[in-house]
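First comes the structure, then the notes that go with it.
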Amino acid sequence: MTKLIWTAGALASLAAPLAAQEELNVYNWSDYVAEDTISGFEEKTGIEVNYDVFDSNEVLEAKMLTGSTGYDVVVPSIEFMARQAQAGVFAEIDKEALSNYGNLDPEILEVVAVNDPGNTYGVPYMMFTTGIGYDVNKVAERIEADKIGSWDMVFDPETAAKLADCGITMLDSPSEMVAPALNYLGLDPNSEDAGDLEQAKELLLSIRPHVRYFHSSQYINDLANGEVCVSVGYSGDLLQARDRASEADQGVEIAYAIPREGAQVGFDMLAIPADAPNPEAALRFIDYILEPEVSAAITNYVYFANPNTAATEHVDAEVRDDPGIYPPDETRANLFSLKPHGARFDRSLTRAWTEIKTGR
């Protein structure tokens with residue numbers, strides 16, 4: 001019988017705990033990666049991903065400003081990221097650690113740098129517009145053809161009243177609903193004037209009786225299933241609703257319109273919290289997202305345009321040529337971007353939004 005001899009080294013190795021598997025904690029918008037984005041990263045790196053989702057910038061901001069979230073990568077929209085960066089919430093991005101950073105469109109980096117000087121704290125992830133998704137048949141039965149594709153669908157009380165029975169929804173995001181209301185009134189969508197805010201509030205209160213609910217993700221399935229007929233939402237989400245309706249083949253036809261009066265164009269950013277527990281893994285994840293095939297696969301799945309020039313050739317032609325995803329020049333001319341609000345105006349905006357949602 002063979003006798004086992006335990007050396008001091010062998011005993012020490014047994015007593016030591018197993019090395020913990022490297023992990024990454026990601027907090028992203030709902031429905032905002034391809035089916036294999038996370039699993040592909042895990043397979044490539046051996047890093048285990050804990051993936052949580054949110055559906056509004058306000059929800060993310062509330063977490064970020066309390067600190068100690070435990071997240072390594074978060075995805076705020078640029079105007080929110082800019083304000084949070086001023087509060088010291090984010091770590092600077094080590095661009096030297098990102099071998100794929102050169103894939104980003106220099107023109108888009110220049111636009112983003114207006115809110116993030118030097119592209120210091122964020123890496124552009126996806127681009128979007130905020131517009132109107134609608135049930136083609138139900139809407140055509142209820143309103144005049146010249147109203148379709150206009151903010152009149154939701155901001156004109158008479159038109160909204162005709163659509164109320166089949167269901168209007170709006171984003172539960174004060175900044176992203178007040179801005180188009182201001183623009184519809186011919187005012188600066190980034191105005192912080194108290195009188196302008198009052199006008200926007202009164203406009204939204206005038207159509208409040210016709211709004212079924214305020215939510216920033218529920219509308220995707222509800223629109224696709226025919227539960228509602230008009231939703232103000234994010235371009236990619238509304239285009240996902242369009243395709244889900246088509247796949248279900250239940251007679252629901254969804255279209256997406258960037259309203260002709262103008263609409264928000266935005267950028268969602270990959271950012272690393274200053275207290276991220278796994279910052280090196282965070283950089284590896286961001287660099288992975290910047291791989292052309294990975295960015296293209298996300299765009300092909302979620303219908304949001306990406307800022308990765310090297311990815312364009314890998315984006316499906318029907319996606320690349322969709323004006324709702326990559327707007328033509330004449331549409332882009334009427335788009336506006338949002339700027340960070342000051343704290344005083346933000347408090348006024350929050351109070352106004354509470355009045356709008358409650359209808360009083």
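Since this is a predicted model, take the numbers as computed values, not measurements. Only this structure's heavy atoms are used, side chains among them; waters, hydrogens and symmetry mates stay out.
A salt bridge links Arg142 with Asp165: the distance from a Lys NZ or Arg NE/NH1/NH2 to an Asp or Glu carboxylate oxygen falls below 4.0 Å. Ion pairing between a basic and an acidic side chain is recognised when a charged N comes within 4.0 Å of a carboxylate O; Arg242 and Asp135 show no such pairing. Salt-bridge annotation for Lys162 and Glu144: present, with a side-chain N of the basic residue lying under 4.0 Å from a carboxylate O of the acidic one. Ion pairing between Glu192 and Lys339 fails under the 4.0 Å rule for side-chain N and carboxylate O.
If you take CG on Asn278 and CG on Leu283, they are separated by 11.5 Å, rounding to the nearest 0.5 Å. From Tyr303, atom OH reaches atom CD of Glu318 across 7.5 Å, with rounding to the nearest 0.5 Å. Between Tyr219 atom OH and Asp237 atom CG the span is 3.5 Å, to the nearest 0.5 Å. Expressed to the nearest 0.5 Å, how far CE of Met269 lies from CD of Glu79 amounts to 10.5 Å.
Contact of the Tyr326 side chain with the Thr299 side chain is registered, since non-hydrogen atoms from C-beta on lie closer than 4.5 Å.
A donor-acceptor pair is defined here as one N or O able to donate and one able to accept, closer than 3.5 Å; no such pair exists between the side chain of Asp36 and the backbone of Gly40. Between the side chain of Asp156 and the backbone N or O of Thr159 there is at least one donor-acceptor pair closer than 3.5 Å.
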Counting only pairs under 3.5 Å, give me each side-chain donor-acceptor contact of residues 223-233, with atom names and distances, residues two or more places apart or in other chains.
| from | atom 1 | to | atom 2 | distance (Å) |
| --- | --- | --- | --- | --- |
| Asn225 | ND2 | Asn221 | O | 3.1 |
| Ser231 | OG | Thr169 | OG1 | 2.8 |

Counting only pairs under 3.5 Å, give me each side-chain donor-acceptor contact of residues 123-133, with atom names and distances, residues two or more places apart or in other chains.
| from | atom 1 | to | atom 2 | distance (Å) |
| --- | --- | --- | --- | --- |
| Tyr125 | OH | Tyr32 | O | 2.4 |
| Thr129 | OG1 | Tyr256 | OH | 2.7 |
| Thr130 | OG1 | Gln264 | OE1 | 3.4 |

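For the residue pair Ser216 / Asp172, no side-chain donor-acceptor distance below 3.5 Å is found, with atom types taken as modelled.
When the salt bridge (charged side-chain N to carboxylate O under 4.0 Å, His left out) test is applied to Arg244, the partners found at least two apart in sequence or on another chain are Asp31. Applying the side-chain contact (heavy atoms from CB on, under 4.5 Å) test to Thr309 and every residue at least two apart in sequence or in another chain returns Asp105.
Other members of the cluster containing Phe336 are Leu338, with ILVMFWY side chains joined at under 4.5 Å, either directly or via other members.
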Self-check item: Candidate pair Glu355 and Arg208, rule salt bridge (Lys or Arg N to Asp or Glu O under 4.0 Å), full reasoning
Solution: CA-CA 10 Å; Glu355 290 182 51; Arg208 176 63 185 89; over 6 Å; no

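The only member of Arg83, His341, Arg351 that meets side chain to side chain donor-acceptor pair (under 3.5 Å) when paired with Asp346 is Arg83.
Residue pairs satisfying the ring pair (Phe, Tyr, Trp, His ring centres under 6.0 Å) criterion with at least one member in residues 66-124, sequence neighbours excluded, are listed as follows: Tyr27-Tyr71.
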